[in-house]
Amino acid sequence: MTDLDAMLLPPPPDSAQTIVAPTPRRHRHDWVRCGPDYEPESYYGHPEDFGRDRCHICLLWRDPARSRRGRTSRNRGNRTSRDLAAYLGGRNVEALKVPWDVEGPGYRIQSKRLADRPSASERARLLEAIDHRADDLRAVYIAAPRQRIASGTVSAYLADWVAWHGWDAPPGLSVVRGSGWLLELSLSLFRDLHIGRNP
């Protein structure tokens, strides 16, 4: 057998690659309103269920309270990203489905509006999800649900901040320990110190 024959023959079975089927994507619910238009024996025609919504793919009943909560949270998150981008003079990139919501010259920020303040380790996990570029400071913005945009706080890695601004720390900054050293400051101070230097 020549080298050409070996190249043309299929590989032996023990060296064959295993093909793994992709996991199926969870469907998007397609709701059907139950009512008298359907047969009484069908999933949608039982008289006790008139007026309720049911997914015709997985037959799950719609929970109006849960749908309302999800819609409210999504709207609140979209509004936060838009207002944060306007406050900082950046660009809202939330629709691009990247791990950060606002970007501008010298920064990328993930915004969160949460009732409970996340731990330092959770904030560090959010920071790690943001793609690290040498010319961008990664940051996480946290605010309570009804808090004004300007009164939220920003967290960034201390090492990233020092690389940008050196060790001179003005009043109003605090350092906490998570899975790394994090710097915390108010959004207005972040805008004055970081964005004011990077027009």
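Both backbone and side-chain heavy atoms feed into the values below; hydrogens, waters and symmetry mates do not.
Linking ILVMFWY residues whenever their side-chain heavy atoms come closer than 4.5 Å, directly or via other members, leaves Ile130 and Trp161 in distinct clusters. Under a hydrophobic clustering in which Ile, Leu, Val, Met, Phe, Trp and Tyr are joined whenever their side-chain heavy atoms come within less than 4.5 Å, directly or via other members, Trp100 and Leu84 fall into different clusters. The hydrophobic cluster containing Tyr141 also contains Leu158, counting ILVMFWY residues as joined when their side-chain heavy atoms lie under 4.5 angstrom apart, directly or transitively. In the hydrophobic clustering of ILVMFWY residues, with side-chain heavy atoms under 4.5 Å counting as a link, Leu183 and Leu187 come out together. No chain of hydrophobic side-chain contacts below 4.5 Å, direct or via other Ile, Leu, Val, Met, Phe, Trp or Tyr residues, connects Val93 to Leu126.
In this structure, Ile142 CD1 and Gln147 CD are separated by 10.5 Å, a value rounded to the nearest 0.5 Å. Distance OG/Ser81 to CD/Gln110: 7.5 Å, rounded to 0.5 Å. Atom OH in Tyr87 sits 9.0 Å away from atom CD1 in Ile195 (nearest 0.5 Å). With rounding to the nearest 0.5 angstrom, the CG atom of Leu96 is 8.5 Å from the CG atom of Asn92.
Relative ring orientation between His194 and Tyr107 is described as perpendicular, the plane-to-plane angle rising above 60° on a 0-90° scale split at 30° and 60°.
For Arg117, the CZ atom counts as densely surrounded, since its 6.0 Å shell holds more than 12 non-hydrogen atoms of other residues, nucleotides or ligands.
Looking at residues two or more places apart in sequence or on another chain, you find a side chain to side chain donor-acceptor pair (under 3.5 Å) between Ser188 and Ser186. Applying the side chain to side chain donor-acceptor pair (under 3.5 Å) test to Asp30 and every residue at least two apart in sequence or in another chain returns His56. Residues meeting the salt bridge (Lys or Arg N to Asp or Glu O under 4.0 Å) test with Arg138, sequence neighbours left out: Asp160.
Taking every heavy atom of both residues into account, Gly104 and Asp136 meet most closely at O-OD1, 4.1 Å. Annotation for His165 and Leu193: closest pair CE1-O, 3.5 Å, computed over non-hydrogen atoms. Closest approach of Arg123 and Pro118 over heavy atoms only: NE-O, 3.3 Å. The shortest non-hydrogen separation linking Arg191 to Leu88 is CB-CD2, 4.0 Å.
Using a 4.5 Å cut-off on side-chain heavy atoms (C-beta onward), Leu182 and Leu127 make contact. Taking 4.5 Å as the limit, every side-chain heavy atom of Val32 sits out of range of all side-chain heavy atoms of Arg54. Put simply, the side chain of Trp181 does not reach to within 4.5 Å of the side chain of Val162, judged on heavy atoms. Residues Ile149 and Arg113 meet the side-chain proximity criterion, which asks for heavy atoms closer than 4.5 Å. Residues Asp101 and Thr80 have side chains not in contact (no heavy-atom distance under 4.5 Å, counting atoms from C-beta outward). Side-chain contact check for Glu94 versus Asn78: some heavy-atom pair is nearer than 4.5 Å.
Salt bridge status for Glu128 with Arg125: absent, with no side-chain N to carboxylate O gap under 4.0 Å.
In this structure, the side chain of Arg52 does not engage the main chain of Trp61 through any donor-acceptor pair within 3.5 Å.
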